[in-house]
Amino acid sequence: EWRATRAATQAARAANRTAEAQMQAAAAEPLIAAAEARIVGAAAALVLSPHGGNGSPAPSAAPGAAAGDDTPTMTDNLALPPAANLWPPNGAPNFTFASRNNAYFSVQNRGLELTIKKAIKQGCMANWTHGPLEVEIIFESTQAPTAPHFIQYQMEQLSNEGRWDEMYANKLRSATQLWDFSEFHCEHHRRVYGRRCDYMPLWLADPPEWQLPPSRHAKHTEALLFGGMNLQRQALCKQTLELGVRVHCSDNLWGDALSAHIYASKVVMVEHFFENAVLPVHRINQVLSRGVPVIVPHSADQKLDDTYGAMGVEFTEKGASLAEGVKALVSEHKRLGRAKWRSRRYNARKSRNLSPLCELLGRLQEDVEQRNRVIEAELLAAKEKEKEEAEPQLLRRPLRLGSVWDFSGLIVLLGAVTAVVALAIVALVVVFFRRHIVAASAWCFKWCKRSHGRSR
């Protein structure tokens, strides 16, 4: 078993090197397209030159055409290759990935980045005019955004109540775009958060090294279960083992070791970690990519079940245990062979088109502008709030009859108004009766002086 595992690991590493070579070849495609564009441009320049391409005069305008007329000629039909015109004229957005180092989604971050570059190259963002604007893509629910514009790729199960707090809800509401791997989840987000949510199949984030040629590894294990182990999954492993199935269960399989165990298994069984959950596609996808079928109980998303049921996923019957389903599948060779054959459709389907990623990238221009308007409104509201807080409390607070504080404030206000009116009256009296006041003051001064002399 150790030699077989070592051989499988070496084969997986060789396949990774092959995938890296394919990625390098894909990276060279833009350079080839640019060279083709330069060649076509040079050919067009030769045709449009005064002496043509062979030294002879260029063809004149059509008979009867006046000088400066826009009559079409042969050269008007020359067009550059599509790749020369599909890239955004002002540059593509700068997509950053906050969950790049996440233990669960680091591979999907890299795969989605390559798929987005492929989609942009095919013209999915030809209408983009904002230049290299930073747009952050976040998989993790607890990761805070660092850019004003971000796309939240929602990966949590709705029944995982510990993750659905108010902070995460505000994050979902403020995202420029909200993606989810389940349409069932999107219906919940639209109803609860009152915003748009788009279904994004997670297979568009598969890395190139997952899509490998069919393996010919020896199947040393009949059933494999990997991932976090709770009491339900531990009981499943025990029941399957008691039925006589060679099963391997582990919560510590990553990278090459996980690939080797998947290749060495006839089937991978998946048990839901939460009640009323949808398919854990982040685990299922990496199994189907390697041509190994999966068996799992039905989930809360019937549409997602139907999609994966056509691509190598076997579902247990309602009321039947998963352990019995695994035993029946590995025992029926024809059924297992049909499941393997259907699993090949997975790689064919995910490489056939980029829908709906292309449509969402094309709509990103509109969503960014809408989010900018929301940000401007929030900044304006914040400034108004700061202005209100800077005003005096008495002038800012409306007077409502019905509390002790309101009556006392009303009395203080009336007292201030009375004092101002009294001062104004005194000022008017001084202005209009100043002569009389001066005369009265002089008389009082003389009277006081005489009285003072008598007293002495």
Side-chain angles (χ1 to χ4, degrees), residues 1 4-23 107-108 110-111 114-115 181 201-227 245-250 253-271 279-296 304-316 322 325-326 328-353:
E1 183 178 358
T5 304
R6 181 182 178 184
T9 303
Q10 292 176 351
R13 290 177 179 174
N16 288 338
R17 289 193 292 270
T18 303
E20 291 177 358
Q22 294 175 353
M23 292 173 58
V107 179
Q108 284 85 353
R110 181 162 47 86
L114 295 175
T115 306
F181 67 96
L202 192 60
W203 61 63
L204 292 176
D206 286 357
E209 60 266 24
W210 281 5
Q211 189 170 349
L212 302 177
S215 61
R216 297 181 180 179
H217 302 287
K219 304 298 183 180
H220 301 284
T221 305
E222 289 182 323
L224 170 68
L225 189 146
F226 64 94
V245 180
R246 297 193 308 273
V247 61
H248 180 82
C249 300
S250 175
L253 287 178
W254 307 89
D256 294 340
L258 176 58
S259 299
H261 279 82
I262 292 176
Y263 281 128
S265 303
K266 291 183 178 180
V267 64
V268 173
M269 55 183 183
V270 176
E271 178 64 276
L279 292 180
V281 294
H282 65 289
R283 301 189 187 278
I284 295 175
N285 290 358
Q286 56 184 315
V287 179
L288 296 179
S289 294
R290 294 171 170 89
V292 178
V294 175
I295 183 169
V296 61
L304 194 64
D305 290 356
D306 295 340
T307 300
Y308 275 83
M311 297 187 299
V313 174
E314 293 285 327
F315 294 94
T316 58
L322 183 57
V326 172
L329 181 60
V330 298
S331 301
E332 300 176 13
H333 299 289
K334 291 185 178 180
R335 180 186 172 191
L336 184 61
R338 290 193 297 268
K340 290 181 180 179
W341 181 81
R342 287 199 306 272
S343 67
R344 299 179 183 178
R345 299 179 182 177
Y346 177 80
N347 287 331
R349 179 166 185 170
K350 72 179 183 181
S351 61
R352 185 165 59 245
N353 58 62

Checklist entry - Just how far is it from atom NZ of Lys266 to atom NE2 of His333, taken to the nearest 0.5 Å? => result 6.0 Å
Checklist outcome for this item: Interatomic distance, CE@Met269 vs CG@Leu329, rounded to 0.5 Å, equals 11.5 Å
Checklist outcome for this item: Which of Val267, Val326, Thr221 passes side chain to side chain contact (heavy atoms under 4.5 Å, CB included) with Val245? It is Val326
Checklist entry - Distance from Leu224 atom CG to Glu222 atom CD, nearest 0.5 Å? => result 12.5 Å
Checklist entry - What pairs with Ser331 under side chain to side chain contact (heavy atoms under 4.5 Å, CB included), at least two apart in sequence or on another chain? => result Lys327
Next on the checklist: Within the 4.5 Å heavy-atom criterion, are Gln286 and Leu258 side-chain neighbours or not?
Outcome noted: yes
Item to check | Minimal non-hydrogen separation, Val287 against Pro293, with atom names | outcome: CG1-O, 4.2 Å
Checklist outcome for this item: On a heavy-atom basis, the closest approach of Pro207 and Arg110 is CB-NH1, 4.1 Å
Next on the checklist: Any heavy-atom pair between the side chains of Leu304 and Val281 that's under 4.5 Å?
Outcome noted: yes
Next on the checklist: Measuring from atom CG of Leu288 to atom CZ of Arg283, what distance do you get when rounded to the nearest 0.5 angstrom?
Outcome noted: 14.0 Å
Item to check | Nearest-0.5 Å distance that lies between atom CG in Leu253 and atom CG in Leu225 | outcome: 10.0 Å
Checklist entry - Between Ser259 and Arg290, is a side-chain contact (heavy atoms from CB on, under 4.5 Å) present by the stated rule, with each step listed? => result CA-CA 8 Å; Ser259 299; Arg290 294 171 170 89; 2.8 Å; yes
Next on the checklist: Whether Arg338 and Glu314 form a salt bridge (side-chain N of Lys/Arg under 4.0 Å from carboxylate O of Asp/Glu) is what I want to check.
Outcome noted: no
Checklist entry - Is a donor on one side and an acceptor on the other found under 3.5 Å between the side chain of Thr316 and the backbone of Leu322? => result no
Checklist entry - How would you list, by chain and number, every residue that makes a side chain to side chain contact (heavy atoms under 4.5 Å, CB included) with Lys350, sequence neighbours excluded? => result Trp203, Asp206, Gln211, Ser289, Tyr346, Asn347
Checklist entry - Rounded to the nearest 0.5 Å, how far does CG of Asp305 lie from CZ of Phe315? => result 4.0 Å
Checklist outcome for this item: Those residues at least two apart in sequence (or on a different chain) that pass side chain to side chain contact (heavy atoms under 4.5 Å, CB included) with Arg345 are Ala310, Met311, Trp341, Arg342
